[in-house]
**Q** 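Can you keep this structure in mind? I'll have questions shortly.
Values below: every heavy atom of this structure, side chains too, minus hydrogens, waters and symmetry copies. Naming: A, B, ... by sequence-line order, numbering from 1 per chain.
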There are 2 protein chains.
Amino acid sequence: MNRTVNHKPDYEKELRRAGARITRPRRTILQILAQTDDHPDAMEIYQRASAIDSTISLSTVYRTMKLLEEMGAIHRHAFEGGPSRFEQASGEHHDHLIDLDTGEVIEFHSDRIEQLQAEIARSLGYEIVHHRLELYGRKRRKS
Amino acid sequence: MNRTVNHKPDYEKELRRAGARITRPRRTILQILAQTDDHPDAMEIYQRASAIDSTISLSTVYRTMKLLEEMGAIHRHAFEGGPSRFEQASGEHHDHLIDLDTGEVIEFHSDRIEQLQAEIARSLGYEIVHHRLELYGRKRRKS
DNA sequence: CGCCAGATGACAACCAGTTGCAAAGATTTC
DNA sequence: GAAATCTTTGCAACTGGTTGTCATCTGGCG
């Protein structure tokens, strides 16, 4: 088990390669993404983008996130009781621990768990396409 | 790892104990729940209930499910890309494997995984309140 | 520079779910 | 068992997150 670390890829290049145009709104949104290390939702991205370019619309944020998602550049996570939150797809796969008090998202990875999941699926006659593992918890009171 | 098995508790008694009234709509919904072993969503429950008593409203289904959920009698699962689905809370905790082709939900449980989750959370300074583990997969082609 | 498919902003529509409200129903009290 | 009381219901309107529509705009090639 270990925390994962992110490094940002060049989304602009990726977008271009996907045949998409580099527009002002997109550049702005990419800039937000490059500056962030947390897991913002669409509204947060919209607000941060608005501060840079007030003409950006929320629809464009959603459209851009969807585009990036389809390109595999970002991941969308629908954590319990809230809007979807996005994260860079860079780095290896990981799961999430959500702090119930702050909403903070901590990434972790466990090969053992992944392996057990695959075993279970196999024993039930299935092949895993993807999975979702989310731990919801609170900081332990260090007494 | 093993499949879990359900047996139905007496929801009517539980409702009464919680100080709620046993009304016709509620009785109908409970009857549906008693008859089902799958993981229906609100609309499915509504439709099955309508067949018995066509005057039932969808709001009442939602309200009743929420009530039962608060009583701990049922669990609500928000699987990917669809409405919440409900299941009896009877039996021990388990996780879910969702068949991507059919939507079928298979229950499983792994003490090893649970244990690893707790270890991970602890090592990150957290205490798990609850978790969500869902495997999304397809039946293996038995070649 | 001019073109035009692709992208945008504004806003309507959508979906799952919730809520306000007046009427109907379940329990309790006598 | 009827009245009083308090809960629940059906309906319609509303919500929050997200997607669709469409007239207008613009990036990037020629």
Side-chain angles (χ1 to χ4, degrees), chain A residues 11-32 39-71 73-86 103, chain B residues 11-32 39-71 73-86 103:
Chain A
Y11 292 134
E12 210 166 304
K13 197 170 286 176
E14 283 196 50
L15 273 172
R16 222 171 225 118
R17 190 147 37 72
R21 293 183 178 170
I22 308 305
T23 63
R24 213 150 104 66
R26 281 184 184 159
R27 227 189 293 270
T28 305
I29 291 168
L30 291 182
Q31 182 185 336
I32 307 287
H39 298 66
D41 60 37
M43 186 53 74
E44 282 161 9
I45 294 169
Y46 169 63
Q47 280 161 358
R48 295 180 203 178
S50 294
I52 300 172
D53 171 2
S54 66
T55 71
I56 281 180
S57 80
L58 183 54
S59 319
T60 296
V61 172
Y62 276 111
R63 276 189 289 237
T64 303
M65 298 322 279
K66 178 179 269 210
L67 178 63
L68 292 171
E69 191 188 359
E70 280 161 5
M71 287 171 34
I74 60 168
H75 290 310
R76 172 192 300 252
H77 300 291
F79 298 132
E80 283 181 3
S84 294
R85 300 170 64 166
F86 304 93
Chain B
Y11 292 133
E12 211 167 304
K13 197 170 285 173
E14 283 196 51
L15 272 171
R16 226 174 222 113
R17 191 148 36 72
R21 293 181 177 173
I22 310 303
T23 63
R24 213 150 105 64
R26 281 184 185 160
R27 228 189 292 269
T28 305
I29 291 168
L30 292 182
Q31 181 186 336
I32 308 287
H39 298 65
D41 60 36
M43 185 53 74
E44 280 161 9
I45 294 170
Y46 169 63
Q47 280 161 356
R48 295 180 204 178
S50 295
I52 299 172
D53 171 1
S54 66
T55 72
I56 281 181
S57 80
L58 183 54
S59 323
T60 297
V61 172
Y62 276 114
R63 278 190 283 235
T64 302
M65 298 322 279
K66 179 180 265 209
L67 178 62
L68 292 171
E69 191 188 359
E70 280 161 3
M71 286 171 34
I74 60 168
H75 290 310
R76 174 192 298 254
H77 300 292
F79 298 132
E80 284 182 2
S84 293
R85 300 171 65 164
F86 303 94

**Q** Ignoring hydrogens and angles, are the base of D:dG10 and the side chain of B:Arg63 linked by a donor-acceptor pair under 3.5 Å?
**A** yes

**Q** May I ask you to evaluate whether B:Arg26 reaches the phosphate of C:dA26, defined as a side-chain N or O under 4.0 Å from OP1 or OP2?
**A** no

**Q** May I ask you to decide if A:Asp41's main-chain N or O and A:Glu44's side chain share a donor-acceptor pair within less than 3.5 Å?
**A** yes

**Q** Which residues in residues 44-54 of chain A have at least one heavy atom lying under 4.0 Å from any atom of DNA chain C?
**A** none

**Q** Which part of the nucleic acid does A:Arg16 contact within heavy-atom distance under 4.0 Å: base, sugar-phosphate only, or nothing?
**A** sugar-phosphate

**Q** If you check the B:Ser84 side chain, which of D:dT8, C:dG17, D:dT19 turns out closest?
**A** C:dG17

**Q** Looking only at atom types and distance, does a side-chain atom of B:Arg85 sit under 3.5 Å from a main-chain N or O of B:Ala78, one as donor and one as acceptor?
**A** no

**Q** Which of parallel (below 30°), tilted (30 to 60°) and perpendicular (above 60°) describes A:His77 and A:His75?
**A** tilted

**Q** Using whole Å, what does the distance between atom C1' of nucleotide C:dT8 and atom OH of A:Tyr62 come to?
**A** 17 Å

**Q** Between C:dG9, D:dG17, C:dA26, which nucleotide gets closest to the side-chain atoms of A:Ser57?
**A** C:dG9

**Q** From the list D:dG10, D:dG17, C:dT18, which nucleotide is the closest neighbour of the side chain of B:Thr55?
**A** D:dG10

**Q** Could you check whether A:Ile56 gets within reach of a base, just the sugar-phosphate, or nothing at all, counting any heavy atom under 4.0 Å?
**A** sugar-phosphate

**Q** Between B:Leu58 (CG) and D:dA13 (P), how many Å, whole number?
**A** 16 Å

**Q** Between A:Met65 (CE) and D:dT18 (C1'), how many Å, whole number?
**A** 14 Å

**Q** What is the distance, to the nearest angstrom, from the CG atom on B:Leu67 to the P atom on D:dT7?
**A** 13 Å

**Q** Can any side-chain N or O of A:Arg16 pair as donor or acceptor with the backbone N or O of A:Ile22 at less than 3.5 Å?
**A** no

**Q** Of the candidate nucleotides C:dT27, C:dG9, C:dA5, which contains the atom at the shortest distance from the side chain of A:Arg21?
**A** C:dA5

**Q** OP1 or OP2 of C:dT18 sitting under 4.0 Å from any side-chain N/O of B:Lys66?
**A** yes

**Q** Give the minimum heavy-atom separation between B:Thr64 and B:Arg26, together with the two atoms involved.
**A** OG1-CG, 4.0 Å

**Q** Rounded to whole angstroms, how far apart are CD on B:Glu70 and P on D:dT8?
**A** 12 Å

**Q** Once you apply a heavy-atom cut-off of 4.0 Å, does A:Thr23 come out as touching a base, just sugar-phosphate, or nothing?
**A** sugar-phosphate

**Q** Do side-chain atoms of B:Ser54 reach the backbone of B:Ser50 as a donor and acceptor pair under 3.5 angstrom?
**A** no

**Q** Measuring to OP1 and OP2 of C:dG9, would you say a side-chain N or O of A:Ser59 lies under 4.0 angstrom away?
**A** no

**Q** Nearest whole angstrom, please: distance from the P of D:dC6 to the CD1 of B:Ile22.
**A** 19 Å

**Q** D:dG17 P sits how many Å from A:Phe79 CZ, rounded?
**A** 16 Å

**Q** What is the distance from atom OH of A:Tyr46 to atom OG1 of A:Thr60, rounded to the nearest 0.5 Å?
**A** 9.5 Å

